[in-house]
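Heads up: the structure comes next, in structure tokens.
All values reported here derive from a predicted model rather than from experimental measurement. No hydrogens, no waters, no symmetry mates; every other heavy atom, side chains included, goes into these values. Labels below follow one simple rule: chain letters A, B, ... track the order of the sequence lines, proteins then strands, and each chain is numbered from 1.
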Number of protein chains: 2
Amino acid sequence: MAIESYAEKNCSIAKPLAFLGERWTVLILRDLFLGRRRFDEFQASLGVATNVLSQRLTTLTEEGIVERRRYNEHPERFEYVLTEKGRDLQPVLLALLAWGDKYTAENGPPLEVVHGDHAFRAVQTCSVCGEPVDSHNVHTRPGPGANDEQRRANGRRAPEWLAH
Amino acid sequence: MAIESYAEKNCSIAKPLAFLGERWTVLILRDLFLGRRRFDEFQASLGVATNVLSQRLTTLTEEGIVERRRYNEHPERFEYVLTEKGRDLQPVLLALLAWGDKYTAENGPPLEVVHGDHAFRAVQTCSVCGEPVDSHNVHTRPGPGANDEQRRANGRRAPEWLAH
DNA sequence: TGGGGTCGCTTGCATTTCACAAGCCACGGT
DNA sequence: ACCGTGGCTTGTGAAATGCAAGCGACCCCA
């Protein structure tokens, strides 16, 4: 289970990947955002093996991304719904969707995302100045949570990819 | 390699996951965005097995995400740099980073992202009206690229998770 | 001239994860 | 009495990944 080692790195990209990086997890989240909530709905929609699906739903529950909710007693029946923490992953899925629409959707987007009454794409803007962010006007530096190694490494290195 | 079946789905989230969903790929991209470009840099930074790293770099090259560039003859030496298509994945990484900072960084963000002279978070806004997007004011519908099944499925289903 | 180190890998084998198929239990319907 | 449904669990084999070793063409240093 080497993917769990992601969680030990001091990195806000690696840590979420400890569970998001497991196969099928992101597609289960997509289904959750589309309103699906039952084991068999996920299974039918994805074609994933049931033991894997069961395992993923357990992990997502443990991570607090979904809530496992009993909607019937006798027999016990459960459904899975996104928590606030889970819904906060929406930007990740929308960013992925925007990229996929741009580069993989030859016949136009299979799915439109609607805000109020208009279909839209997700655009990333700066939380401070409100300007759109693109890959050319951004760089990085160690933050308050950086360890010594990270501080040293970043000091040594210029973001050379910017210079291109 | 069942993950390749992702690519066959008519879904702009699933298709990118056909390569992004492979273990280590997203972390290699993170390193690329941080300016790393050489085999040994990735290997040292990530601790990934060299055969896997080699395989991932090949895939990323084939997908047009990175360019494999010879920077030395005799002996041949290569480096890997992001293409425009690759840099367009930045919103995905920034969204992941923002979530990771919020939920997994107890001592503050290990890495700050800087826009001009100010550290910032990525905020998603609507490409049409410019308003910030959150998980409560969004729903979906079939787009021009939807197949018949997707049209039917979406008609049958309300986005129930919104009603919560 | 020789000995070590670097870079970018490849190869072989063990371990972990995943897929596929089958089955199970408590119902509910007919 | 029997079939179907929902939500799984349990095998077993295939595929992905990890680990360790090695390799070829240099370069550096003496």
Side-chain angles (χ1 to χ4, degrees), chain A residues 1-9 14 17-28 31-32 35-62 66-81 156 160, chain B residues 1-9 14 17-28 31-32 35-62 66-81 157 160:
Chain A
M1 250 200 224
I3 199 170
E4 287 190 353
S5 69
Y6 282 24
E8 294 154 23
K9 300 187 190 262
L17 287 173
F19 63 91
L20 284 181
E22 290 183 302
R23 214 149 285 180
W24 298 109
T25 298
V26 175
L27 292 186
I28 293 168
D31 274 13
L32 284 161
R36 300 197 178 105
R37 43 175 71 186
R38 310 247 274 245
F39 192 96
D40 277 20
E41 286 184 289
F42 302 128
Q43 209 284 319
S45 147
L46 303 175
V48 56
T50 54
N51 53 353
V52 176
L53 177 55
S54 168
Q55 203 178 290
R56 294 295 178 274
L57 290 170
T58 302
T59 304
L60 287 172
T61 306
E62 286 166 1
V66 298
E67 190 193 333
R68 186 178 198 251
R69 207 187 263 180
R70 190 172 57 218
Y71 70 92
N72 195 27
E73 305 189 34
H74 306 298
E76 282 198 317
R77 290 285 181 268
F78 297 96
E79 60 183 10
Y80 301 85
V81 289
R156 268 191 281 111
E160 298 154 21
Chain B
M1 249 202 222
I3 199 171
E4 288 190 354
S5 69
Y6 281 24
E8 295 154 24
K9 299 187 191 262
L17 287 173
F19 62 92
L20 284 180
E22 290 182 303
R23 216 150 284 183
W24 297 108
T25 298
V26 175
L27 292 186
I28 293 168
D31 273 14
L32 284 161
R36 301 197 176 106
R37 42 175 72 186
R38 311 248 275 245
F39 193 95
D40 277 20
E41 287 184 289
F42 303 128
Q43 209 283 320
S45 147
L46 302 174
V48 56
T50 54
N51 54 352
V52 176
L53 176 56
S54 168
Q55 203 178 291
R56 294 297 179 274
L57 290 169
T58 303
T59 304
L60 287 172
T61 306
E62 285 166 2
V66 299
E67 190 194 332
R68 185 178 199 252
R69 207 186 264 180
R70 190 171 58 219
Y71 70 92
N72 195 28
E73 306 188 33
H74 307 298
E76 283 197 317
R77 290 284 182 269
F78 297 97
E79 61 184 8
Y80 301 85
V81 287
R157 159 178 312 289
E160 298 155 21

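- Across the protein-nucleic acid pair, A:L46 atom CG and C:dC18 atom P stand 14 Å apart, rounded to whole Å.
- Among residues two or more places apart in sequence or in another chain, the salt bridge (Lys or Arg N to Asp or Glu O under 4.0 Å) test is passed with A:E76 by A:R70.
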Dump the pairs, protein N or O against N or O of nucleotides 28-30 of chain C, anything under 3.5 Å, distances to one decimal.
none

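- Listed by chain and residue number, B:T50, B:L53 satisfy the side chain to side chain contact (heavy atoms under 4.5 Å, CB included) test with B:Q43 (two or more places apart in sequence, or in another chain).
- As a whole-Å value, the separation of B:I28 CD1 from C:dG8 P is 14 Å.
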Using the 3.5 Å cut-off, write out each protein N or O paired with an N or O of nucleotides 4-9 of chain D and the distance between them.
| residue | atom | partner | partner atom | Å |
| --- | --- | --- | --- | --- |
| D:dG6 | O4' | A:R77 | NE | 3.4 |
| D:dG6 | N3 | A:R77 | NH2 | 3.4 |
| D:dG7 | OP1 | A:Y71 | OH | 3.0 |
| D:dG7 | OP1 | A:F78 | O | 3.0 |
| D:dC8 | OP1 | A:R68 | NH2 | 2.6 |
| D:dC8 | OP2 | A:Y80 | OH | 2.6 |
| D:dT9 | OP2 | A:S54 | OG | 2.8 |
| D:dT9 | O4 | A:T50 | OG1 | 2.7 |

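- A:L27 has its CG atom 13 Å from the P atom of C:dC18, to the nearest Å.
- Residue B:R70 places none of its side-chain N or O atoms closer than 4.0 Å to OP1 or OP2 of C:dC7.
- Here A:A49 pairs with A:N51, A:V52 under the side chain to side chain contact (heavy atoms under 4.5 Å, CB included) rule; sequence neighbours left out.
- Partners of A:R68 according to the side chain to side chain donor-acceptor pair (under 3.5 Å) rule, which considers only residues two or more places apart in sequence or in another chain, are A:Y80.
- Two residues are said to be in side-chain contact when any heavy atoms from C-beta on lie closer than 4.5 Å; B:D31 and B:E41 fail this criterion.
- Between the CZ atom of A:R23 and the P atom of D:dA14 there is a distance of 18 Å, given to the nearest Å.
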Chi angles and distances behind the side chain to side chain contact (heavy atoms under 4.5 Å, CB included) call for A:Y6, B:L27
CA-CA 9 Å; A:Y6 282 24; B:L27 292 186; 3.8 Å; yes
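- Going from atom CD of A:E22 over to atom C1' of C:dT16 covers 12 Å, rounded to whole Å.
- Here the OG1 atom belonging to A:T25 is positioned 9.0 Å from the CD atom belonging to A:Q55, to the nearest 0.5 angstrom.
- A:S45 approaches A:R36 most closely through the heavy-atom pair OG-NH1, 3.3 Å.
- In this structure, B:N72 atom CG and C:dG8 atom P are separated by 9 Å, rounded to whole Å.
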